[in-house]
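Working notes, structure below.
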Protein chains: 2
Amino acid sequence: MPNSTLYNPHISVDCVVFGFDGEKLKVLLIERRLDEQVDEQSELYNDKKLPGSIILNDEDIDDAASRVLNELTGLKNIYLSQFKSFGNPTRTNNPRDILWLERTTQLKIGRIVTVAYVALIKIDRKLVFNAEDSSANWYDVNEIEKMTLAFDHNTIIRTGLEHIRHRVDVEPHLLFELLPKKFTISQLRILHDVLHQTRSDVRNFQKKVSQMPYLVMLDETEEGVPHRAARLYKYKK
Amino acid sequence: MPNSTLYNPHISVDCVVFGFDGEKLKVLLIERRLDEQVDEQSELYNDKKLPGSIILNDEDIDDAASRVLNELTGLKNIYLSQFKSFGNPTRTNNPRDILWLERTTQLKIGRIVTVAYVALIKIDRKLVFNAEDSSANWYDVNEIEKMTLAFDHNTIIRTGLEHIRHRVDVEPHLLFELLPKKFTISQLRILHDVLHQTRSDVRNFQKKVSQMPYLVMLDETEEGVPHRAARLYKYKK
DNA sequence: ACAAAAGTGTTTGGAGTACACCCATGA
DNA sequence: TCATGGGTGTACTCCAAACACTTTTGT
């Protein structure tokens, strides 16, 4: 439980956590609920938000983002990239959001500037989603556009998606943060296409990846598929 | 003079203002001086810092960056791009910096997270550099690496330079923010090379720019040069 | 006349793109 | 045996890179 001598209530971090299920790009969202009805006009919360937190008084902002992810997933060493800060003074104006903040933090909250991060994780890991005394789930990025999230989190996700698309152009090895340790060329191609918003030719894609020295072919194939099993690869170094 | 009911002392903006003098890339730095000697151990300040400010209570962070630039140069509609926030808790630990902050803001200052922006301006404009009751000057980006600036401003400038280099790859028209309204192809090529850290071939560069529809040839040539005068161009649309 | 930078075409290699068929596997 | 995706090669196009000489102007 946040404590006013430990926390800095002016600055927060929010994480847009991307995952890839083999077909679509997903984002991890926290279910926002307040069960206890404190007074008559308090609504029940039943919407979603990005994982995030106000920062600790002596905490680096990158460390705060790592902490949020670790509390959420139990994992360390997740790929994290700060992409933008959101400081519009009206972003914390919705009474619904203010009430929720003050309930969950036990702090008097005014304006908050949030520093947003993109995180990439392998969706196949069994994750412990128990942060913020609530649960988290994966949602298709395309579905999210139609949902109404807390604060300005729709905008943050949209911007984070653009950011990671640009980053992948410059650093293609980021794709491997989203794939399982062993993967097929098809999975790599589909992920590549989802992020680049293209549809690559299968043969040309094979040609391209065969020139990547850091992609090593394994002596294994996938299992349990109702067709010819594809060769597995791993990312090396 | 800052006033504690108007200003939010937890968040600031800093601007890395780039200019191009025809040869080298420059950054605008404020001379930091405190003339009045308040007590015996107070040093005289004679170093440099980025233009910046803590934000107003109800001010958007982008607006705060615009305000800083307008106060500094008198200009509006300057190209501005937020690139990173710096929130290491030790960045405001230097007693020298703390003292300076409290003197100039008249506020009790703790930790500050700063949101950093890159700005591009045409160096040929006659600018009114009178912000923060001090003066500002252009410095070569390469010289700055050897200087010791206030706070973590060396790091901010280095990161801002990387940022603008990437941006120019994606949006080549940003180059025209740095050039005078009328410019030669040589100027454009030299600026391009400075930012890409390359040395382009003159003929190949001419070929490339001749395919840019937004680059229009004027019926004028440069003047006062001790050699064949080059044709002038302007950027259209 | 000389110094200094402006301006101008061609060739070549590599990368990207388009395109169609047989193969292996499970049901 | 059938349905489903896996895996493979060639030809064409286009862009980037290499490369040298003549022109214009001021001193």
Side-chain angles (χ1 to χ4, degrees), chain A residues 20-24 165-166 168-173 175 179-180 182-235, chain B residues 20-24 165-166 168-173 175 179-180 182-235:
Chain A
F20 176 64
D21 67 357
E23 254 185 283
K24 298 199 166 164
R165 284 185 161 142
H166 288 129
V168 162
D169 284 336
V170 181
E171 304 178 71
H173 64 267
L175 295 175
L179 290 172
K182 300 175 182 181
F183 52 86
T184 67
I185 300 295
S186 274
Q187 287 175 313
L188 179 59
R189 178 172 44 80
I190 292 166
L191 173 58
H192 171 279
D193 283 358
V194 165
L195 285 169
H196 289 77
Q197 297 178 104
T198 52
R199 187 175 290 261
S200 318
D201 179 85
V202 181
R203 279 176 288 190
N204 293 335
F205 192 80
Q206 289 271 2
K207 199 194 312 177
K208 197 191 305 190
V209 300
S210 71
Q211 302 180 125
M212 298 178 173
Y214 46 83
L215 198 61
V216 304
M217 184 188 289
L218 300 175
D219 237 358
E220 295 174 69
T221 52
E222 56 181 351
E223 286 171 18
V225 286
H227 52 75
R228 176 173 173 182
R231 186 143 224 145
L232 290 172
Y233 289 74
K234 69 172 183 180
Y235 171 65
Chain B
F20 177 65
D21 67 357
E23 256 186 280
K24 298 201 167 163
R165 284 185 161 142
H166 288 130
V168 162
D169 284 336
V170 181
E171 305 177 71
H173 64 267
L175 294 175
L179 290 172
K182 298 175 183 182
F183 52 86
T184 67
I185 300 295
S186 274
Q187 288 175 314
L188 178 59
R189 178 172 45 78
I190 292 166
L191 173 58
H192 172 279
D193 284 357
V194 165
L195 286 170
H196 289 77
Q197 299 179 100
T198 53
R199 187 173 290 260
S200 317
D201 178 85
V202 181
R203 278 175 286 188
N204 291 336
F205 192 81
Q206 289 270 2
K207 201 191 310 174
K208 196 189 310 188
V209 300
S210 70
Q211 302 180 127
M212 298 178 174
Y214 46 83
L215 198 61
V216 303
M217 185 189 287
L218 300 175
D219 238 358
E220 296 175 66
T221 52
E222 55 181 350
E223 287 171 17
V225 286
H227 53 75
R228 176 173 173 182
R231 187 143 225 148
L232 290 173
Y233 289 75
K234 70 173 180 180
Y235 172 66

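Numbered from 1 within each chain, the chains take letters A, B, ... in sequence-line order.
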- Message: Can a donor-acceptor pair be found, under 3.5 Å and without considering hydrogens, that links the side chain of A/Q187 to the backbone of A/G22?
- Response: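 Not confirmed, A/Q187 side chain does not pair with A/G22 backbone.
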- Query: Taking the side chain from A/R199 and the backbone from A/D193, do they hold a donor-acceptor pair closer than 3.5 Å?
  - Reply: no
- Query: Quick one: A/Q187 CD to D/dG5 P, roughly how many Å, whole number?
  - Reply: 14 Å
Using side-chain heavy atoms (C-beta onward) and a distance below 4.5 Å, is [X] in contact with [Y]?
| X | Y | result |
| --- | --- | --- |
| A/F183 | A/L215 | yes |
| A/V170 | B/D169 | no |
| A/T184 | A/L232 | yes |
| A/H166 | B/H166 | no |
| A/F20 | A/L195 | no |

- Task: Give one of base, sugar-phosphate or nothing for A/S186, where a contact means two heavy atoms less than 4.0 Å apart.
- Result: sugar-phosphate
- Task: Determine, for nucleotides 15-27 of chain D in 5'-to-3' order, which nucleotides have protein heavy atoms under 4.0 Å from the base (write B), from only the sugar-phosphate (write S), or from neither (write -).
- Result: --BBBB--BBBS-
- Message: Angle between ring planes, B/Y235 versus B/H173, binned at 30° and 60°: parallel, tilted or perpendicular?
- Response: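 Ring orientation, 0 to 90° scale: parallel.
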- Note on the structure: Result for 5'-nearest mapping on DNA chain C, choosing between A/G224 and B/R189, is B/R189
- Nucleotide interval of DNA chain C bounded by contacts with chain B (heavy-atom cut-off, under 4.0 Å):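 Counting from the 5' end, contacts occupy C/dA4 to C/dT10.
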